[in-house]
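As structure tokens, the structure follows; a few thoughts come after it.
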Amino acid sequence: MTRPLLVCGNANLETVLGLEGEFLPVQGDAVTDRLSVNVSGVGVNLVRGLSRLGSPVRFVTLLGNDVAGRTVRQELDGIEWHAMPVRATAQTLALVRPDGRHTFYRDIKGNEQADTPVAAFRAALPGCGAALLTNIGWTRDLLPVARAAGVPIQTDVHEISSVDAPYDQPYLDAADVLLFSAARLTDPAGFLLALRECCRAHVIIAGLGEGGALLLERGADRVHHQPAFRVVATHRGGAGDALAAAFAHFLFTRGHDPREALRLACAAAALKLRGKGSGEGHATEAEVRALAG
């Protein structure tokens with residue numbers, strides 16, 4: 001029987017405004033078919049990506065009893081989930097340019113400092129094949145719980161810029177599979193090699209956006225480059241989350257080796273670009289394999 005993957009991370013309500021040009025006009029105006037609302041957040045994006053691919057999922061998150069929270073709850077129908085109550089549900093505003101590039105405005109409502117739902121995490125952990133812990137602050141106290149239970153940990157630290165950043169250190173010390181974005185790095189491969197010496201992960205992945213991704217396994221003497229798959233982009237938000245979800249699916253659920261898991265994950269990330277919001281556009285496994293060939 002396939003073991004579920006446990007996701008811990010934020011859920012939020014996202015408002016998307018499609019721009020006709022490069023910038024938002026100062027004066028207000030009527031828009032047609034360019035304003036939409038969707039449910040996203042890194043936690044939700046991982047859950048949707050995994051579920052769409054066919055992995056059974058459990059989800060622990062934070063939700064308020066507000067319009068945003070009630071909307072998120074409706075979207076999680078069919079998923080095994082637990083939400084720690086908080087004052088307000090996180091929200092984001094995404095301004096999307098015609099080529100799919102976007103600017104995010106995040107309002108986490110202070111939830112990064114919320115109490116950690118340790119009891120819910122302990123209850124959901126037994127039988128799981130891996131724990132996907134996002135790097136929002138409230139997940140830090142869950143890292144030693146997963147480690148003590150012997151459940152593999154996957155974490156995406158996103159735009160890390162230093163191998164000794166204090167915020168990221170607990171995740172670097174705990175993760176078995178570590179992902180990050182190399183968007184702001186001038187030497188991603190060099191950073192990857194340096195990072196390996198400062199963390200315990202046996203697999204490290206650097207996302208390169210349109211350049212694909214880099215993979216370094218513990219004990220390997222070379223960095224492996226996986227090129228991206230070319231598609232027409234509608235909205236580039238959430239592609240990194242789709243990559244992380246698909247890599248976990250093909251590594252932990254399907255049992256592929258890391259290189260093959262990354263190849264398929266890059267195809268999933270490319271297909272995600274067709275979505276109109278950060279939480280939309282996730283691909284099925286059949287779609288991923290058809291694109292990857």
Side-chain angles (χ1 to χ4, degrees), residues 4-19 24 28 30-53 55-96 100 102-117 120-121 123-124 132-139 156 158 234-242 244-245 271-284:
L5 303 180
L6 175 55
V7 175
C8 296
N10 271 11
N12 60 249
L13 192 66
E14 178 181 272
T15 300
V16 180
L17 174 59
L19 304 179
L24 179 66
V31 296
T32 302
D33 292 333
R34 290 193 285 119
L35 193 63
S36 62
V37 176
N38 70 97
V39 172
S40 64
V42 178
V44 168
N45 292 345
L46 292 173
V47 166
R48 280 183 168 164
L50 290 166
S51 298
R52 187 79 170 142
L53 288 166
S55 282
V57 183
R58 296 173 183 171
F59 185 35
V60 175
T61 190
L62 311 178
L63 291 175
N65 186 26
D66 48 14
V67 172
R70 292 192 290 274
T71 303
V72 172
R73 287 178 172 87
Q74 291 177 350
E75 288 295 303
L76 294 177
D77 184 46
I79 300 294
E80 183 180 345
W81 61 274
H82 173 87
M84 172 72 79
V86 289
R87 176 185 60 83
T89 305
Q91 296 189 47
T92 58
L93 170 64
L95 303 181
V96 184
H102 59 277
T103 301
F104 277 132
Y105 297 89
R106 297 177 175 86
D107 185 355
I108 304 179
K109 308 294 185 184
N111 292 341
E112 66 273 23
Q113 302 301 327
D115 292 338
T116 302
F121 183 73
L132 280 63
L133 301 181
T134 67
N135 71 331
I136 189 70
W138 60 266
T139 65
D156 186 346
H158 302 290
T234 300
H235 186 331
R236 298 182 185 275
D241 299 335
L271 290 168
K272 171 68 184 68
L273 300 180
R274 64 192 173 178
K276 293 184 178 180
S278 299
E280 300 177 352
H282 292 282
T284 66

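Basis for what follows: all heavy atoms, side chains included, without hydrogens, waters or symmetry-related copies.
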Answer whether the closest heavy-atom distance between the side chains of [X] and [Y] falls below 4.5 Å.
| X | Y | answer |
| --- | --- | --- |
| T134 | L132 | no |
| F121 | T116 | no |
| L63 | R73 | yes |
| R48 | V39 | yes |
| V72 | W81 | no |
| F59 | L46 | no |
| D156 | V42 | no |

As an exercise, state the distance from [atom1] of [X] to [atom2] of [Y], rounded to the nearest 0.5 Å.
| X | Y | atom1 | atom2 | value |
| --- | --- | --- | --- | --- |
| L6 | L133 | CG | CG | 7.0 Å |
| D66 | T71 | CG | OG1 | 8.5 Å |
| H282 | L271 | NE2 | CG | 11.5 Å |
| N65 | R70 | CG | CZ | 5.5 Å |
| L13 | S40 | CG | OG | 8.0 Å |
| N45 | K272 | CG | NZ | 6.5 Å |

Flag, side chain of [X] to backbone of [Y], donor-acceptor distance under 3.5 Å:
| X | Y | result |
| --- | --- | --- |
| N12 | I108 | no |
| T61 | A83 | no |
| R58 | P4 | no |
| T139 | N135 | no |

* To do: Evaluate the criterion side chain to side chain contact (heavy atoms under 4.5 Å, CB included) for residue pair R87 and L62; output intermediate values, then yes/no.
  => CA-CA 10 Å; R87 176 185 60 83; L62 311 178; over 6 Å; no

* For Q91 and D107, test the side chains for any donor-to-acceptor distance below 3.5 angstrom and give the result as yes or no. => no

Heavy atoms only: give me the nearest [X]-[Y] pair and the separation to one decimal.
| X | Y | answer |
| --- | --- | --- |
| A114 | W138 | O-CB, 3.7 Å |
| N111 | A90 | ND2-N, 4.0 Å |
| S51 | I79 | OG-CD1, 3.3 Å |
| A11 | V44 | CB-CG2, 3.3 Å |

* Could you give me the CA-CA distance, side-chain angles and deciding distance for L95 and L93, then say whether side chain to side chain contact (heavy atoms under 4.5 Å, CB included) is met? => CA-CA 7 Å; L95 303 181; L93 170 64; 4.3 Å; yes

